[in-house]
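One structure is given below, encoded as structure tokens.
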Amino acid sequence: MTFAGRWTLALRLLARDWRAGELRILVAALLIAVAASTTIGFFTDRLGRGMLNQSAEFLGADLVLESPRPVDPGWLTQAREHELRSAATLQFASVVVSGERLQLASVKAVDDSFPLRGSLRTAPQAFAQGQVTGDTPARGEAWAATQLLQQLEIDVGARVTVGDLSLQITRVLTFEPGRSGGVFGLSPRLMMNLADVPATGVVQPGSRLTYHYLFAGAEATINGYRQWLQARLEPSHELLGVREGRRAVGTALQRAERFLGLSVLAAIVLSGVAIAMAARRYSERHFDMSAMLRCLGASQRDVLGLYLPQLLVIGVLASLAGSLFGWLAQYGLLYLLDDVLPVAPSGTRLWPVLAGLATGLVTLAGFALPPVMRLRRVSPLRVLRRELAPLPGRAWLVYGAAIGAVLVLMWRYTGNAALMLSVLAGAVAAVAALGVLGFALLMVARRLHARVGVAWRFGLNNLWRRRAGSVSQILAFGLTLMAMAVIALVRSELLENWQSQLPQDAPNHFLINILPDKVEGVSAFLQEKGIATSQLYPMVRGRLVTLNGQPVREAVSKEEPRDNALNRELNLSWSTRLQEDNRIVEGRWWRAGDTGRPLVSVESQLAQRLGIELGDVLGFSLGGATLSATVVSIRSVQWDSFRPNFYMLFPPGVIDAFPATWMTSFYLPASESALLMELVREYPALTVLDLDLLIQQVERIFRQVTLAVEYVLVFVLLAGFAVLFAALQSSLDERLYEGALLRALGGSRRQLRAGHLAEFAALGLLAGLVAAAGTECLAWLLYTRVMDLDYSFQWQVWIAVPLAGALLTGIAGYRGTRPVLERSPMVLLRER
Amino acid sequence: MNMAHAQHNTIIAAQGLGKRVDTAAGPLDILADIDLAVDAGETVAIAGVSGSGKSTLLGLLAGLDLPSAGDVWLAGQRLNALDEDGRARVRGQQVGFVFQSFQLLPSLTALENVMLPLELAGEADARKLAAQRLERVGLATRLDHYPKQLSGGEQQRVAIARAYAMQPAILFADEPTGNLDNATGKRIIDLLFELNREHRTTLVLVTHDEKLASRCTRRIQLEGGRIAAAATPA
Ligand SMILES: Nc1ncnc2c1ncn2[C@@H]1O[C@H](COP(=O)(O)OP(=O)(O)OP(=O)(O)O)[C@@H](O)[C@H]1O
Ligand SMILES: [Mg+2]
């Protein structure tokens with residue numbers, strides 16, 4: 001046969017199969033896989049960009065370059081040539097004077113374009129609600145933070161002096177993009193116009209200055225510019241993008257992305273199982289055709305040449321349709337979620353469509369190719385002896401292809417090789433273990449069969465008779481139920497976890513800069529006013545300088561040459577008790593007798609980034625002094641809990657001698673903000689940080705993620721139904737025939753129905769048990785390894801999942817096998 | 001009809017039996033005006049060229065299908081008056097089947113195949129009885145074999161053991177030797193007739209085979225869906 005001839009024939013055969021309804025399940029399963037992945041792809045893409053956008057609003061830009069000196073003007077020219085918008089700010093510490101009173105303030109001088117993203121908020125007077133503004137301080141004017149006004153005991157309208165320049169306070173600054181990024185800014189803010197800076201005369205050679213260059217523009221351009229810049233940075237420069245911008249938001253977003261990715265993967269793998277089942281049936285139903293073709297002189301190559309193009313056409317068409325569906329569904333979703341979703345910079349992008357197409361083809365190749373390849377090996381002798389079936393595909397080929405496909409998809413959806421491999425190894429082991437479990441359960445059920453009624457005996461017998469098929473169905477349904485259970489579990493857990501992390505009275509204020517001699521007074525004040533606080537923590541500023549005797553920059557230069565933790569001063573603290581939301585992941589917490597010993601506990605993410613391990617010796621520089629300490633524990637920290645948390649914790653008696661300030665956090669409803677004024681008046685050196693905006697943003701992200709998760713659940717469910725449907729279909733021919741025979745032998749419809757019901761309910765129950773076991777393991781893995789959450793044994797799973805399994809498969813099987821009852825037993829006399 | 005039943009001990013009767021199917025070219029009578037009566041213990045051959053309606057008639061007589069005209073009585077029950085489950089009950093209690101292509105369930109062993117009708121009837125000793133039936137057809141050593149592992153003749157013997165499992169009053173066989181060679185076919189026929197004598201079963205079989213037809217007490221010749229010669233005693 002010629003190539004063209006084969007294709008024409010292939011397309012004609014495909015059209016006939018389509019007309020005869022042979023392709024429905026294969027196509028439906030593929031559609032679900034692709035639609036799920038594209039919808040979620042579109043959605044997460046949108047969500048992710050929206051969140052980045054939000055983060056950008058908090059950062060004030062898409063990219064910020066921090067430098068102690070003005071940078072090469074060429075860099076800014078380069079940004080302009082890239083069509084990036086830019087703004088510049090200069091930050092310095094300066095004493096602000098008002099009459100008799102002086103206060104050290106952190107002055108920020110900004111140009112007219114500041115900020116590029118998000119906006120400033122100002123209020124007409126202290127402690128009033130801030131309003132968004134598009135302005136910046138005009139020349140000769142300044143905006144001050146409430147604390148500054150408090151400390152200087154002045155109000156809006158007063159004049160203050162910065163260096164040689166007198167400025168009039170015209171507004172109260174309540175929010176400033178970029179400011180919340182570092183929660184521990186120390187002195188209160190005064191914002192002024194950049195053009196006024198020379199007149200102040202405070203910028204002298206040797207002054208400690210921080211220049212910020214802000215850039216904003218299209219994502220690709222920003223990334224390009226970022227790379228361009230990165231190659232030119234000096235050690236004193238620091239680049240801050242939206243991703244590393246904000247820790248709490250970043251963690252939430254990262255978890256959400258991982259979880260969504262895994263969920264999509266579950267939907268795809270389930271669809272894959274359905275596809276494999278459908279492809280197998282498709283292949284089996286084409287044995288006769290292939291045998292006949294072979295008989296008529298077609299070579300094995302010709303047979304493949306006929307079926308592979310069909311598969312390809314199915315793949316491309318179904319994937320395109322699925323992508324289209326996903327694209328439309330996403331619009332529906334955007335419409336529905338208009339008020340919750342963050343605003344994305346621009347419309348939707350096309351790549352999810354391409355990704356959907358690729359996903360469809362990869363899934364099809366992985367799950368459908370091996371069974372279809374079997375057609376090549378159908379013996380022409382089958383025309384004479386119908387029972388001749390080709391050898392089943394080689395196991396390594398069948399599973400290898402599926403695993404390969406899953407690997408490719410996993411890489412695409414999680415982008416994490418380590419995670420991918422461990423999940424895969426776990427999955428293979430789990431599938432094997434669950435298969436064995438399924439078989440064992442089946443054997444137990446078989447033992448029971450003597451003790452149950454006729455219908456159940458019949459159903460159980462049926463399961464046992466088709467045991468190979470039954471085990472794979474138990475496994476398939478089990479995996480489906482497991483995926484749904486895990487997602488449901490994780491969803492509610494994430495929600496609960498976040499909500500319990502952020503109860504109504506989650507800390508929304510940080511009090512920092514409490515001097516040692518004021519600790520008691522401040523505690524007493526807060527107690528008196530009935531404000532519950534977290535513990536008070538001492539805070540010593542220090543820098544990590546050596547790792548096992550080597551300068552830390554060299555020690556880690558390969559992986560993370562510019563880790564922020566190395567450039568900034570770290571907040572070091574000591575504590576006897578481990579904070580509630582901290583967990584020791586390696587090593588041990590202080591023991592009695594550790595007091596005064598040079599030991600340190602390191603936050604786990606930082607430890608991972610810098611490659612710090614138990615037993616390493618860290619060298620710190622505190623003020624002028626140095627200190628070495630041995631790492632005895634690695635600690636995980638919940639940064640989004642809004643409680644004081646530290647990278648480095650020492651036992652008591654190690655850094656106590658260094659100058660420390662204390663900090664705490666507490667919840668204060670907006671209605672009681674007057675208390676803050678009182679507090680600050682009494683303790684002028686204090687700094688109060690208001691976290692409400694930040695908390696609101698994190699809450700919004702939780703809501704968005706929850707919605708996304710619920711949305712994914714729908715697709716996982718759909719994929720689960722596809723599996724159920726495909727499994728039913730794959731055994732339907734056999735059942736139709738059996739049903740006819742049983743009826744000829746005198747079986748009543750009721751017996752058949754009861755038998756089917758019993759069989760499917762038993763199948764669902766067994767699958768449910770398998771799923772429950774799998775759920776516990778998988779959820780444990782996910783919680784502890786992927787989401788950094790604690791896991792506790794979920795006994796409800798063992799009841800809910802088997803019941804749901806029995807109910808779902810029972811009903812589906814009962815309804816799905818209805819044609820069996822309608823089929824006339826006459827077929828026995830007609831079909832040879 | 002009760003009269004006839006009483007007089008001749010009629011176990012199968014058909015009156016004005018017809019089957020009409022709808023085809024693309026309009027309705028088509030594949031069977032028409034069939035009147036016949038079969039006495040208990042008789043052996044009847046239904047003969048005719050391919051397409052003459054033999055299988056259709058067998059299906060109607062056995063209650064596998066419903067006629068579009070006329071009536072069928074089987075073991076004293078008017079089949080058209082029963083619903084599908086009623087007919088199934090009659091089949092289960094009174095009727096055994098042997099098919100040309102054996103119709104054994106491939107996923108069941110020989111023993112399990114024979115157990116099926118017993119299990120459906122709720123027989124407590126299904127396993128023991130089934131083993132006995134298989135022993136009777138000479139397959140005592142093949143109980144746990146799957147149909148795939150048996151030759152065509154052996155498969156048909158399993159089918160016969162299954163047909164006799166419930167000791168039916170009537171056995172319907174549609175070309176029971178059609179898929180077998182002559183020698184094997186002959187042995188199967190011998191077995192069928194032996195069992196027929198042992199159990200006093202009424203045997204209705206469809207066949208092309210002149211020799212087989214001639215061993216029956218009676219022969220019904222079909223031509224184009226009608227009985228050609230009156231049911232003539234052989
Ligand atoms: N459902 C149907 N629709 C259309 N035609 C049918 C249907 N069932 C049977 N026929 C036709 O009725 C005729 C009789 O069929 P039947 O199977 O009874 O023949 P037969 O005598 O058993 O033939 P053979 O010896 O080949 O088995 C045939 O022409 C067949 O094509
Ligand atoms: Mg026939």
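Atom set for the values below is all heavy atoms of this structure, side chains included, hydrogens, waters and symmetry mates excluded. Since we're looking at a predicted model, the values are computed, not measured.
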Using a cut-off of under 4.5 Å for heavy-atom pairs, which of B:V206, B:L104, B:T109 has the most such pairs with chain A?
B:L104

Heavy-atom pairs under 4.5 Å with chain A - which of B:A88, B:G86, B:G96, B:G92 has more of them than the others?
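Of B:A88, B:G86, B:G96, B:G92, B:A88 has the most heavy-atom pairs under 4.5 Å with chain A.
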
By number, which residues in residues 740-750 of chain A have some heavy atom less than 4.5 Å away from chain B?
A:L741, A:L742, A:R743, A:A744, A:L745, A:G746, A:G747, A:S748, A:R749, A:R750

Quick check on [X] against chain A: is it the side chain, the backbone, both or neither that has a heavy atom closer than 4.5 Å?
X: B:R162; result: side chain
X: B:L118; result: neither
X: B:T56; result: both
X: B:Y146; result: side chain

Does [atom1] in [X] sit with more than 12 non-hydrogen atoms of other residues, nucleotides or ligands closer than 6.0 Å?
X: A:W464; atom1: CH2; answer: yes
X: B:R20; atom1: CZ; answer: no
X: B:E198; atom1: CD; answer: yes
X: A:R280; atom1: CZ; answer: no
X: B:R142; atom1: CZ; answer: yes
X: B:D22; atom1: CG; answer: yes

Inter-chain contacts: residues 57-64 of chain B against chain A, heavy atoms under 4.5 Å:
B:L58, B:G59, B:L64

Tell me, please, which residues at least two apart from B:D71 pass side-chain hydrogen bond (donor to acceptor under 3.5 Å, both in side chains).
B:R78, B:N80

Could you pull out all donor-acceptor pairs under 3.5 Å where a side-chain atom in residues 808-821 of chain A meets a protein atom, sequence neighbours excluded?
unit_1, atom_1, unit_2, atom_2, d
A:T809, OG1, A:F760, O, 3.3
A:T809, OG1, A:G764, N, 3.4
A:T809, OG1, A:G805, O, 2.3
A:Y814, OH, A:R753, NH1, 3.0
A:T817, OG1, A:H756, ND1, 3.3
A:T817, OG1, A:G813, O, 2.6
A:T817, OG1, A:Y814, O, 3.4

